[in-house]
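Order of the sequence lines fixes the chain letters, A, B, ..., with proteins taken first and strands second; residue numbering starts at 1 for each chain.
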There are 2 protein chains.
Amino acid sequence: MIRILIAEDQRMLRGALALLLDLEDDIEVVGQACDGEEALSLITSLQPDVCLLDIEMPVKTGLDVAEQLIERGSTTRVIILTTFARTGYFERAVKANVQGYLLKDGPTEQLAESIRRVMKGHREISPELIFGTIKEENPLNAREREILSLSAQGKTANEISAMLHLSYGTVRNYISEALNKLDAKNRIEGIRVAEQKGWL
Amino acid sequence: MIRILIAEDQRMLRGALALLLDLEDDIEVVGQACDGEEALSLITSLQPDVCLLDIEMPVKTGLDVAEQLIERGSTTRVIILTTFARTGYFERAVKANVQGYLLKDGPTEQLAESIRRVMKGHREISPELIFGTIKEENPLNAREREILSLSAQGKTANEISAMLHLSYGTVRNYISEALNKLDAKNRIEGIRVAEQKGWL
DNA sequence: TTATGCAGATGACAATTGTCATAACTATCT
DNA sequence: AGATAGTTATGACAATTGTCATCTGCATAA
């Protein structure tokens, strides 16, 4: 019996997946979490064989959870299940050494089969991601990302400088550099591009 | 037997919902669509009793579909099933006279029951939406919305003025007015607020 | 007819933003 | 020690943005 845990904040999907997987004879859904924090603590206490992690969840993202599981030397295998084929997300998942990265756009029928294959030691990656991704690296460094994120929240260069204890000019330099790398003509365009690629 | 059609672009969710509903003795999923256009043509040809429509789909949104069904005098009952509790969406759905508006954040178990109740002539609205929404009207008029949308794509005031055959100053006036209404201190914040409320 | 209101335009002003050249200070590598 | 690279800072400049008061048509209602 494969014991699995589902972490997904959208209740309808979480419930439907749990039901669907429970119909399989060899799979048992032992727990469900609606945010990253809960997922982490349930995985620790329940020790499931596999966990299905959404990325964009409250409190902690699925990627955060995956990284912390590695740190703790957990034996639970991780399958990321997300809407986003964003290169940034995928790269981070690969670095965190997850066993699977599936898209919510993929077929339902394949999910159970993917779980079984992961149990056998295979890696399961949505075919959309296998080609044409690795080349698109995140061009932004940590500072640029941090500053652009704050800017994306509507913060002003001045506010950001106060928050990060940097000078006004430095903040603007970083934004300028980021926009240059993203080939964007202003903050708004830059934010669009970066968000869309999962670089923020 | 209640014949239903599901329109939802996310394949995993669509598949899971179809399976879940097909398990019910009195419900039969007669069709699935992955965009609004397909939904419309399948509803016309299959004449299901109920259709489940996602809002944010390619080609045509679920709201577009609902509105066109009314126009055509279709007898198929409509349940909107969406992630978004945005007031703008909800208002539009109410105006289109849909029979249900459920959130994907709601419980899976209730879905089949909601469908049965809709068949009996009830209206099904997610409880989150019943209170505290109607008052939050979209404060932006058509022009302001149009201009802020273009701005959200990274367009400059100058570019927008050329696109809409308005003067540079007029465009900035509209943006200023929109920001004032949204209580935002700059474009970026304004865009965030408006998008989050479904006002764009 | 006057009044009222709306869509659009103009001009002026200050603040913010985007760009660039340059420099100081570290830390690291050779 | 010298070379190199990364981080932070400055100053200067132009362009863009945000705000306001004011003005022109134009339609429509009193």
Spacing of Arg172(B) atom CZ relative to dA21(D) atom P, expressed in whole Å:
16 Å

Hey, can you pull the donor-acceptor pairs under 3.5 Å for the side chains in residues 68-80 of chain A, sequence neighbours left out?
from: Arg72(A); atom 1: NH1; to: Thr44(A); atom 2: OG1; distance (Å): 3.3
from: Ser74(A); atom 1: OG; to: Thr76(A); atom 2: N; distance (Å): 3.1
from: Thr76(A); atom 1: OG1; to: Pro48(A); atom 2: O; distance (Å): 2.8

Interatomic distance, Asn180(A) CG vs dT17(C) C1' [rounded to whole Å]:
15 Å

Transitive ILVMFWY side-chain link Ile55(B) to Val50(B), under 4.5 Å
no

Write down the distance between CG (Asn186(A)) and P (dG18(D)), rounded to a whole number of angstrom.
10 Å

Could you give the CD-to-P distance, from Glu177(B) to dT17(D), as a whole number of Å?
18 Å

Any ion pair linking Arg14(B) and Asp54(B) (charged N to carboxylate O, less than 4.0 Å)?
no

Using atom CD1 of Ile188(A) as one end and atom C1' of dT16(D) as the other, report the distance to the nearest whole Å.
11 Å

Rounded to whole Å, how long is the line connecting atom CG of Leu179(A) with atom P of dT16(C)?
18 Å

Whether Arg187(A) contacts dT17(C) is assessed here as follows: a side-chain N or O lying under 4.0 Å from the phosphate OP1 or OP2. Is that the case?
yes

Expressed in angstrom and rounded to an integer, what is the separation of Leu182(B) atom CG from dG18(D) atom P?
12 Å

Please report the shortest heavy-atom distance between Ala157(A) and Arg187(A), naming the atom on each side.
N-NH2, 3.5 Å

Quick check: closest heavy atoms across Leu20(A) and Thr108(A), and the distance to 0.1 Å?
CD1-CG2, 2.9 Å

Taking Leu182(A) as the starting point, is it possible to reach Ile191(A) by hopping between hydrophobic residues whose side chains are less than 4.5 Å apart?
yes

Determine, for Glu177(A) against Arg143(A), whether the closest basic-nitrogen to carboxylate-oxygen distance falls under 4.0 angstrom.
no

Which nucleotides of nucleotides 4-11 of chain D have their base under 4.0 Å from a protein heavy atom (B), which only their sugar-phosphate (S), and which neither (-), written as one string 5' to 3'?
---SBBB-

To the nearest angstrom, how far is Lys185(A) atom NZ from dT19(C) atom P?
11 Å

Same cluster or not: Tyr174(B) versus Ile188(A), using hydrophobic residues (I, L, V, M, F, W, Y) connected whenever any side-chain heavy atoms lie under 4.5 Å apart?
no

When every non-hydrogen atom of Arg123(B) is compared with those of Val98(B), the smallest separation belongs to NH1-O, 2.7 Å

Using a 4.0 Å cut-off on heavy atoms, which residues in residues 147-161 of chain A reach DNA chain C? List them by number, or say none.
Thr156(A), Ala157(A)

